[in-house]
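Throughout, numbering of the chain's residues begins at 1 and tracks the sequence.
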Amino acid sequence: MMLEAPEHKYRPFAPVELVDRTWPARTLQAPPVWLSTDLRDGNQALFEPMGIDAKREFFDLLCAVGFKEIEVGFPSASRTEFDFVRHLIETQAIPDDVTVGVLTPARPELIARSVEALVGARRAIIHVYNAIAPVFRETVFRKTKAEVMALAVDAVRYVRELTERSPQTQWILQYSPEVFSATELEFSKAVCDAVVDAFGATESAPVIINLPATVEGATPNVFADQVEWMHRHMARREAIVLSVHPHNDRGTAVAAAELAMMAGAERVEGCLFGNGERTGNVDLVTLALNLYTQGVAPGLDFSRIDDVARTAARLTGLPVHPRHPYVGELVYTAFSGSHQDAINKGLAARRPDAVWNVPYLPLDPKDVGRDYQAVIRVNSQSGKGGVAYLLERHYGVVLPRRMLIGLSEAVQARAEESGGEVSPAQVWQVFCDRYLSDREAVTYRGHECVAAAGGERIRLSLGIDGRVVHYEGCGNGPLDAACRALPGPIQLCDYEERALGAGSDARALAIVEVATPGAGHTVVAAGVHESLVTASIVALVRAWAGLRVPAAPARAGRRERRAAGRH
């Protein structure tokens with residue numbers, strides 16, 4: 001049924017009365033202060049929140065990328081969150097130039113728990129929030145404006161009282177008037193002014209005032225107007241670091257952040273690849289690389305963007321879409337013949353010392369650790385890059401870039417043999433022959449998994465040169481345990497999963513890439529099975545067999561199995 005005009009149901013945002021707005025005439029000349037909230041906002045939005053080990057690996061990744069402010073958790077929410085903050089402090093894992101922060105509601109017992117978690121840190125941000133929008137005041141909390149303001153001020157005074165007891169830590173207050181973008185500007189200003197006064201902020205020791213578009217409800221220019229209004233009207237602007245936290249409900253969080261920076265925001269909160277509640281937070285990778293393409297050094301290192309994406313996807317369980325700006329598998333690949341021709345000519349004409357100006361490519365792939373192989377390979381196929389389209393359209397499979405390149409070569413050979421077009425079914429058959437066939441000497445026979453201390457133990461049965469050999473290993477999950485069980489050493493470089501079909505008859509396609517550490521050679525293989533775990537292990541065995549096919553042992557006894565389990 002066609003959607004009817006919704007005037008009777010949805011109330012449009014009223015424009016901000018800011019006739020002399022200045023942000024439209026500005027351009028971005030410098031990056032903001034970046035705050036990653038992957039370990040807090042992003043983590044709470046996952047199907048399975050990360051444990052301490054995964055959060056520590058993600059924290060180290062964020063530090064390596066160059067984040068200087070990281071919101072590491074919500075310590076009043078759970079023991080795991082509290083323990084992770086203590087782990088960072090007690091193991092001295094926080095670099096000297098990195099400031100960690102935590103989020104707490106404006107409730108005394110939760111504030112106390114949050115301050116307790118951070119005691120001993122060199123420098124720490126206590127981020128206090130309460131919702132101040134009319135719908136929350138009237139519907140959720142049933143409080144007056146005065147009561148809502150008092151809640152914020154009392155919370156900030158309590159933070160000041162507690163933090164003054166631990167002067168060894170440099171404490172920074174951050175306050176967020178939650179649902180700012182749906183709140184009356186005069187009231188938002190009044191609350192923020194009161195908070196700044198209550199904490200005793202100064203120009204040398206400012207408070208962070210963070211303006212969240214908790215639910216993105218208007219076009220980005222409206223949010224920019226709101227930010228500029230606050231920037232110009234708050235009473236003690238010199239004692240404030242003005243921050244924004246855009247959400248992506250309308251799909252325009254990146255634009256909202258960019259315009260907010262033009263409007264006076266100095267700091268931006270978000271997540272790698274836009275993770276977060278509902279449609280997510282602002283995508284900090286896209287925002288940073290947007291700046292980069294305009295000649296502004298973002299202060300974040302995405303020169304090995306594939307490594308960042310793989311690690312984030314593995315730790316969160318959220319894949320990066322193949323069309324994701326700057327980082328998706330397909331964003332530097334053209335399938336249209338006219339696009340291929342223009343890109344090829346642009347690359348051929350480019351001088352190394354010239355400004356980047358290649359058709360259809362807004363960013364030099366080499367700047368983010370990619371190469372031109374995928375672009376050139378698709379072009380050299382004279383349109384046969386449609387292999388990717390056929391697999392995605394007919395089988396719902398989007399292959400990793402390296403696997404697609406190898407498959408394209410095999411499909412081209414098949415097409416040259418037949419002298420005609422290759423159908424989707426023939427492309428699928430070539431894929432099966434190349435990536436879903438066992439190598440002659442090694443076959444998967446079965447596996448058994450049982451729970452073990454700290455993870456899972458696997459007993460893996462393989463056919464090697466006609467004999468059944470058993471390997472055992474322990475790991476964080478079945479795939480990690482299988483990696484440790486197989487003779488190696490083996491490095492799991494990449495793992496992806498897809499569903500083939502839908503409903504009760506759906507099967508799982510698992511794709512793995514493995515390497516021998518230091519060898520510079522990787523092997524990609526795949527597995528299909530009704531069970532995702534089985535498909536993953538089958539793919540791993542095939543990839544391992546591609547690295548080397550060991551001779552069958554004379555006897556796979558207990559000593560050999562124990563040795564294999566240590567790999």
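The aromatic rings of Phe84 and His87 lie parallel to each other, their planes meeting at an angle below 30°, with 60° marking the opposite boundary. Ring geometry for Phe273 versus His324: interplanar angle over 60°, hence perpendicular rather than tilted (30 to 60°).
To the nearest 0.5 angstrom, Asp83 atom CG is 5.0 Å from Ile52 atom CD1. Here the SG atom belonging to Cys271 is positioned 10.0 Å from the CD atom belonging to Glu277, to the nearest 0.5 angstrom. For the atom pair CG of Leu289 and CG of Leu284, the computed distance is 10.5 Å after rounding to the nearest 0.5 Å. Leu540 contributes atom CG, which lies 10.5 Å from atom OH of Tyr495 (distance to the nearest 0.5 angstrom). The distance from the CZ atom of Arg467 to the CZ atom of Arg445 is 12.5 Å, given to the nearest 0.5 Å. Separating the CG atom in Asn248 from the CG atom in Asn275 is a distance of 11.5 Å, to the nearest 0.5 Å.
The minimum heavy-atom distance between Arg79 and Arg113, with the atom names listed, is NH1-NH2, 3.4 Å. In plain terms, the two heavy atoms of Ala482 and Ile458 that are nearest each other are N-CG2, 3.8 Å. Considering all non-hydrogen atoms of both residues, Asn43 and Glu81 come closest at ND2-OE2, 3.6 Å. Contact record, Val85 with Ala117: CG1-O, 3.4 Å, taken as the closest heavy-atom pair. When every heavy atom of Ala543 is checked against every heavy atom of Ala525, the shortest pair comes out as N-CB, 3.5 Å.
The side-chain heavy atoms of Glu269 and Asn281, taken from C-beta on, include no pair separated by under 4.5 Å. The side-chain heavy atoms of Thr316 and Asp38, taken from C-beta on, include no pair separated by under 4.5 Å. Taking 4.5 Å as the limit, some side-chain heavy atom of Arg123 sits within range of a side-chain heavy atom of Ile172. Tyr326 has its side chain within reach of Leu363: a pair of non-hydrogen atoms, C-beta onward, lies under 4.5 Å apart. Between Arg323 and Leu330 there is a side-chain heavy-atom pair separated by less than 4.5 Å. Proximity of Leu118 to Ile126: side-chain heavy atoms (C-beta onward) are separated by under 4.5 Å at one or more points. Between Val411 and Phe431, every side-chain heavy-atom pair lies at or beyond the 4.5 Å cut-off. Side-chain atoms of Leu88 and Arg56, non-hydrogen and from C-beta on, do get closer than 4.5 Å to each other.
By the 6.0 Å contact criterion, CD on Glu48 is open, its count of non-hydrogen atoms from other residues, nucleotides or ligands being 12 or less. Residue Asp307 places its CG atom among more than 12 non-hydrogen atoms of other residues, nucleotides or ligands, all under 6.0 Å distant. Remark: Gln92 CD is loosely packed, at most 12 non-hydrogen atoms of other residues, nucleotides or ligands lying under 6.0 Å away. For CZ of Arg278, the number of neighbouring non-hydrogen atoms (other residues, nucleotides, ligands) closer than 6.0 Å is greater than 12. More than 12 heavy atoms of other residues, nucleotides or ligands lie within 6.0 Å of CG in Asp97, so this atom counts as buried by the packing criterion.
Side chain of Trp544 to main chain of Pro487: a donor-acceptor pair is present (N/O by atom type, distance under 3.5 Å, no hydrogens or angles).
Under the side chain to side chain contact (heavy atoms under 4.5 Å, CB included) criterion, Asp480 pairs with Asn476, Arg484, not counting sequence neighbours. Residues that satisfy the side chain to side chain donor-acceptor pair (under 3.5 Å) test with Asp433, not counting sequence neighbours, are Gln429.
Of the N and O atoms on the side chains of Glu71 and Gln174, not one donor lies less than 3.5 Å from an acceptor on the other residue. Side chains of Asn210 and Ser176: a donor on one and an acceptor on the other come within 3.5 Å. In the model, Glu513 has a side-chain atom that pairs as donor or acceptor with a side-chain atom of Thr522 under 3.5 Å. Side chain to side chain, Glu57 and Thr311 fail the donor-acceptor criterion of an N or O pair below 3.5 Å.
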